[in-house]
Amino acid sequence: MSTAALLALLVVIGLVTFVYRYAMIGLFANRSLPGWLHALCRHIAPASFAALTAGELFIHGGEVVLALTAPKPWAALVAALVAWRTGNVLATIGAGMAALYVFKWLF
Amino acid sequence: MHPKLAEFLAGCRDEAPLQLGVVPFGMLYGIGAIQAGMPVWVAQLASAVVFAGAAQLVIVQMLAVGAGALPIGLTSGLLNLRHMLYSMSIAEHVRHLPRRWRLLLAYLLTDEAYAVAILRYQVTPAPDDRPDLRHWYFLGCGFTLWLTWQLSTAAGLLFGASVPAGWDIDFAVPLTFIALLAMLMKERAGQAAALVAALAALAFAALPYKLGLVVAIVLGLVAGVWASKRRGAER
């Protein structure tokens, strides 16, 4: 791809992304969300982050890889427990990275 | 301290720990961009124009294997579709703001900034006796993330090649999401939504153009609404 084509592609992607981000803020500037949409909103964040996390942990190159000796899912489990107990982002990342190094050494 | 500045700084402070996941993410993108043969200035510009980590990472991965503009555009278009949901969920909180504020906050509406800002909006109600300044908090979150994203992109472009792959710095990204998820699931009745979305993400992993992610989020939303209806705890 030429630099000009790449630049054009990136600008289009950037514009589309901005339209996504502004769309609903703009649309619902002067009116309330209908009740059913409002009910949906509270689930947007957990559903999005869960889907992203599952993909990061178990999807490699478009394929689902489930292996008992894969260190990352186990380290993620440790991190999830720490996150649940402490609610602290730094502690979660620290525990998760430490657990990853331990499991990589063990397996 | 001026209350606006205090809110802004509170946003910066609460967003700060997440930067531990953002820095490796940005550096990985920078490294990937160089490996894909992207000119350095274009790669840096993309971090300001696109400003969406997951999409940028996918773009350079696809460029590296010689994908064309159409599949790249489609994939990032679908991957970023979730931002429209973020936009919907934040809409009611920014409705009272002037348009320039709404445009600015929309530009800054990324995964990590959204997650921290929405927690503030949902947990801290608007004060009755003084003006609602929570948009300054949101701005603090967005600004912190934006700055880190630009700097870590630059760091990846400049010295990314010297970070050993064995350090697994990329693992900090899902760890950040896990931390956010734990907080979100404590605050909301989000367990059903999260569980179904995660399982569906795996079930539909084979769909092209990252369509599986979109399907998974939608199914998660349906499950969440259904579960809270069953509990009769709606609103």
Side-chain angles (χ1 to χ4, degrees), chain A residues 1 3 5-7 9-14 16-18 20-30 32-33 36-59 62-64 72 75-76 79-80 83-84 87-90 92-93 96-97 100, chain B residues 17-18 20-21 39 42 46 49-50 52 69 72-73 76-77 80-85 87-92 94-95 102-103 106-107 109 115 118 168 171-175 177-185 188 190 193-194 197-198 201-202 205-206 213 216-217 220-221 224-225 234-235:
Chain A
M1 205 179 294
T3 302
L6 178 60
L7 211 53
L9 175 65
L10 290 169
V11 167
V12 170
I13 293 174
V16 169
T17 305
F18 179 74
Y20 287 159
R21 287 171 172 162
Y22 187 70
M24 296 297 159
I25 292 177
L27 191 62
F28 293 104
N30 298 311
S32 309
L33 285 174
W36 66 274
L37 270 187
H38 189 89
L40 208 82
C41 278
R42 53 194 285 196
H43 302 293
I44 288 172
S48 303
F49 290 117
L52 286 170
T53 308
E56 291 271 358
L57 291 178
F58 298 109
I59 302 176
E63 282 184 31
V64 178
K72 284 188 179 178
W84 192 258
N88 185 308
V89 180
L90 278 182
T92 304
I93 295 178
M97 291 308 290
L100 177 66
Chain B
L18 274 68
L20 217 55
V42 176
V49 173
V50 179
I72 294 179
S76 22
N80 279 344
L81 203 54
R82 66 185 187 285
H83 291 103
M84 207 187 271
L85 292 172
S87 174
M88 190 165 84
S89 120
I90 217 89
E92 62 172 318
V94 298
R95 188 187 301 148
R102 286 185 277 127
L103 287 167
Y107 169 67
L109 191 61
I118 197 71
D168 287 298
F171 192 53
V173 178
L175 289 177
F177 289 155
I178 287 169
L180 294 172
L181 212 46
M183 284 188 263
L184 285 162
M185 284 167 61
R188 326 294 310 169
L202 302 184
L213 182 72
I217 295 174
L221 292 178
V225 171
E234 199 70 330
R235 269 180 292 163

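Residue numbers begin at 1 in each chain, while the letters A, B, ... track the order of the sequences.
Most heavy-atom pairs under 4.5 Å with chain B, from the set A:A79, A:G14, A:A5: that is A:G14. Contact count against chain B (heavy-atom pairs under 4.5 Å) is highest for A:L7 among A:L57, A:V12, A:L27, A:L7. Ranked by heavy-atom pairs under 4.5 Å with chain A, the list B:V94, B:V173, B:L202 is led by B:L202. If you tally non-hydrogen atom pairs under 4.5 Å between each of B:G77, B:A172, B:P39, B:A115 and chain A, the highest count goes to B:G77. Looking only at heavy-atom pairs under 4.5 Å with chain A, the residue among B:I118, B:I90, B:L85 that has the most is B:L85. Listed options B:L180, B:D168, B:V42 were ranked by heavy-atom pairs under 4.5 angstrom with chain A; first place goes to B:D168. Put simply, of B:Y107, B:F171, B:F177, the one with the most heavy-atom pairs under 4.5 Å next to chain A is B:F171.
Of the two parts of A:F49, the backbone and the side chain both hold a non-hydrogen atom closer than 4.5 Å to a non-hydrogen atom of chain B. Interface residue A:M97: backbone and side-chain heavy atoms are both found under 4.5 Å from chain B. At a 4.5 Å heavy-atom cutoff, the contact between A:L9 and chain B is made by side-chain atoms alone. Only the side chain of A:L100 comes within less than 4.5 Å of a heavy atom in chain B; its backbone stays farther off. Only the side chain of A:T3 comes within less than 4.5 Å of a heavy atom of chain B; its backbone N, CA, C and O stay farther away. Only the side chain of B:R82 comes within less than 4.5 Å of a heavy atom in chain A; its backbone stays farther off. Interface residue A:I44: backbone and side-chain heavy atoms are both found under 4.5 Å from chain B.
Residues B:A198 and A:A54 approach most closely at O-CB, 3.5 Å, considering heavy atoms. Residues A:A50 and B:A197 come closest through the heavy atom pair CB-CB, 4.4 Å. Minimum heavy-atom separation, B:A216 to A:A51: CB-CB, 4.1 Å. Taking all atoms of both residues into account, the shortest heavy-atom contact from B:I72 to A:M1 is CD1-CE, 4.2 Å. A:A83 approaches B:I178 most closely through the heavy-atom pair CB-O, 4.2 Å. Annotation for A:A29 and B:R102: closest pair CB-NH1, 3.3 Å, computed over non-hydrogen atoms.
Partners of B:S87 by side-chain contact (heavy atoms from CB on, under 4.5 Å), not counting sequence neighbours, listed by chain and number: A:M24, A:I25, B:L109.
A:L10 places none of its side-chain heavy atoms less than 4.5 Å from the side chain of B:V49. For the pair A:L52 and B:L213, the minimum side-chain heavy-atom distance is below 4.5 Å.
Using a distance-only test at 3.5 Å, with no hydrogens or angles considered, a donor-acceptor pair links the side chain of B:R95 to the main chain of A:F28.
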Test side chain to side chain contact (heavy atoms under 4.5 Å, CB included) on B:E92 and A:S32 and set out the steps.
-> CA-CA 7 Å; B:E92 62 172 318; A:S32 309; over 6 Å; no
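Separation of atoms NE2 (A:H38) and OG (B:S89) is listed at 10.0 Å; rounding is to 0.5 Å. Distance check: A:T17 OG1 to B:H83 NE2 gives 7.0 Å after rounding to the nearest 0.5 Å. The CD1 atom of B:I217 lies 14.5 Å from the NE2 atom of A:H43; values are rounded to the nearest 0.5 Å.
Partner B:P17 forms a side-chain contact (heavy atoms from CB on, under 4.5 Å) with one of A:V89, A:T92, A:I93 and no other, that one being A:V89.
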